[in-house]
Structures are given as structure tokens and as C-alpha cells.
Amino acid sequence: MLDLKQYKITTHILFLLLFGIKFLNVAQDRIDIYLFLFWISPLLIFYFFINNLMVRAYQWFCFFLIIYFLFSSLRVFGANSLWIDIFEMMLICGLFVHIMFGPKTIKKFT
């Protein structure tokens with residue numbers, strides 16, 4: 001089990017990797033920059049509250065991650081899947097599991 005500092009560092013890394021992999025889609029002209037900004041805005045809002053260790057934000061963020069997972073799975077299991085889509089889906093799944101255990105970790109160390 002991670003302590004609270006390690007948990008927060010892992011959360012930061014997962015968020016940054018997810019932002020980076022989605023930005024690679026912009027760099028490859030697979031999505032528009034406006035779609036990227038629309039996609040990233042809820043994540044940034046939740047990132048602020050998750051960084052402040054608000055348990056309710058963890059619970060709501062899991063619901064939002066399910067929506068992101070559904071959109072990602074459409075691309076992965078579609079006709080022309082790329083490695084970047086598979087990596088994005090893996091990051092979303094990893095972040096979901098990580099965030100799901102957030103309230104338990106917060107409760108244990110505070």
C-alpha cells in the first residue's frame with residue numbers, strides 16, 4: 001500500500017501521462033485543439049479537487065472516467081486502432097483503479 005505522498009505522486013504522473021497522450025493526438029492532427037481543450041477541462045477541474053484530497057471528487061471522477069473509457073474503447077475496438085489509442089485506454093483504466101482506491105488511502109493516512 002502506498003503512503004499518501006507516494007499516492008499523490010502516482011496520481012500526478014497518471015494525469016500528466018493522460019494529458020500528454022491526448023496531446024499527441026493533437027500533434028498528429030487526429031483531433032482538433034478545441035476538442036482537446038473541451039476534453040481536458042473536466043479533468044483539470046477534478047485534478048484541482050483531487051489534489052486537495054476531497055473524497056467526494058474521487059467518487060464523481062470515477063463516473064467521468066467511465067465516460068472517457070467508453071469513448072476510448074470506441075476508438076480501440078473500431079476499424080483502425082492505433083497504439084496511441086490503446087495506451088490511452090490503458091491509462092484511463094489505470095487511473096480509474098488508482099482513483100477508486102483514493103478515499104481508502106486518504107482515510108488510512110489522515
Side-chain angles (χ1 to χ4, degrees):
M1 179 64 93
L2 299 172
D3 67 349
L4 197 55
K5 183 177 179 181
Q6 291 172 334
Y7 182 82
K8 285 182 80 171
I9 290 172
T10 306
T11 304
H12 297 317
I13 290 171
L14 286 172
F15 266 98
L16 289 175
L17 285 173
L18 189 58
F19 294 156
I21 201 75
K22 197 62 171 182
F23 187 75
L24 283 176
N25 282 321
V26 175
Q28 294 178 351
D29 288 332
R30 294 185 65 214
I31 62 171
D32 191 31
I33 188 70
Y34 298 112
L35 182 62
F36 172 72
L37 294 175
F38 178 74
W39 182 88
I40 202 170
S41 59
L43 292 177
L44 289 175
I45 293 167
F46 278 109
Y47 183 73
F48 172 75
F49 290 112
I50 285 172
N51 197 32
N52 292 332
L53 302 176
M54 299 178 84
V55 174
R56 182 70 76 182
Y58 282 86
Q59 295 166 347
W60 277 101
F61 188 58
C62 282
F63 288 115
F64 272 88
L65 280 177
I66 291 172
I67 295 169
Y68 285 109
F69 172 79
L70 291 173
F71 284 120
S72 176
S73 65
L74 287 174
R75 285 190 315 276
V76 168
F77 298 112
N80 52 357
S81 172
L82 295 176
W83 65 271
I84 198 166
D85 298 328
I86 296 169
F87 190 60
E88 179 184 342
M89 186 173 174
M90 289 175 19
L91 280 173
I92 290 171
C93 291
L95 187 61
F96 178 81
V97 171
H98 181 74
I99 292 297
M100 195 171 56
F101 287 107
K104 183 178 179 179
T105 305
I106 293 168
K107 184 179 177 183
K108 184 177 179 181
F109 292 106
T110 56

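Residue numbers run from 1 in the order of the sequence given. Computed from heavy atoms alone, side chains included, the values below leave out hydrogens, waters and symmetry copies.
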Please answer: with hydrophobic residues joined when any side-chain heavy atoms are less than 4.5 Å apart, are Phe109 and Met54 in the same cluster?
no
Ser72 to Met89 - nearest heavy-atom pair and separation:
OG-CB, 3.3 Å
Are Ile67 and Met100 connected in a single hydrophobic cluster, I mean Ile/Leu/Val/Met/Phe/Trp/Tyr linked by side-chain heavy atoms less than 4.5 Å apart?
no
With side chains defined as the heavy atoms from C-beta onward, is the minimum distance between Phe101 and Val97 less than 4.5 Å?
yes
Step-by-step side-chain hydrogen bond (donor to acceptor under 3.5 Å, both in side chains) determination, Thr11 to His98:
CA-CA 7 Å; Thr11 304; His98 181 74; 2.6 Å; yes
Under 3.5 Å, sequence neighbours excluded: what are the donor-acceptor pairs made by side chains of residues 31-42?
unit_1: Ser41; atom_1: OG; unit_2: Phe38; atom_2: O; d: 3.1

Leu65 vs Phe61, test: side chain to side chain contact (heavy atoms under 4.5 Å, CB included). Steps then yes/no.
CA-CA 6 Å; Leu65 280 177; Phe61 188 58; 3.4 Å; yes
Heavy-atom pair with the smallest gap, counting every atom of Phe69 and Cys93
CE1-SG, 3.6 Å
Using the rule that Ile, Leu, Val, Met, Phe, Trp and Tyr join whenever any side-chain heavy atoms are under 4.5 Å apart, tell me whether Phe63 and Leu14 fall into a single cluster.
yes
Please enumerate all residues that pass ring-ring contact (aromatic ring centres under 6.0 Å, His included) together with Tyr47, with sequence neighbours excluded.
His12, Phe15
Interatomic distance, Lys104 atom NZ to Lys107 atom NZ [nearest 0.5 angstrom]:
10.0 Å
N/O donor-acceptor pair under 3.5 Å between Ser81 side chain and Phe77 backbone
no
Side-chain heavy atoms under 4.5 angstrom apart, residues restricted to Ile, Leu, Val, Met, Phe, Trp, Tyr: same cluster for Phe71 and Leu18?
no
From Trp83 CH2 over to Ile86 CD1, what is the distance, rounded to the nearest 0.5 angstrom?
10.5 Å
List the steps, then state whether side chain to side chain contact (heavy atoms under 4.5 Å, CB included) holds for Asn25 with Glu88.
CA-CA 10 Å; Asn25 282 321; Glu88 179 184 342; 3.6 Å; yes
To the nearest 0.5 Å, how far apart are SG in Cys62 and CD1 in Ile99?
6.5 Å
Could you tell me which residues satisfy ring-ring contact (aromatic ring centres under 6.0 Å, His included) with Tyr58, sequence neighbours excluded, listed by chain and number?
none
First locate atom CG of Leu91, then atom CG of Leu16, and finally report the distance between them rounded to the nearest 0.5 Å.
11.0 Å
Verdict with reasoning, Lys8 to Ile50, per side chain to side chain contact (heavy atoms under 4.5 Å, CB included):
CA-CA 9 Å; Lys8 285 182 80 171; Ile50 285 172; over 6 Å; no
Would Leu43 and Phe64 count as a side chain to side chain contact (heavy atoms under 4.5 Å, CB included) here? Give the steps.
CA-CA 9 Å; Leu43 292 177; Phe64 272 88; over 6 Å; no
d(Leu4 CG, Ile9 CD1) to nearest 0.5 Å is 10.0 Å
May I ask whether Tyr68 and Leu24 are part of the same hydrophobic cluster, defined by side-chain heavy atoms of I, L, V, M, F, W, Y residues being less than 4.5 angstrom apart, directly or through others?
yes
Ionic contact status for Asp85 with Arg30, cut-off 4.0 Å
yes
Spatial distance of atom CD (Gln6) from atom OG1 (Thr10) [nearest 0.5 Å]:
7.0 Å
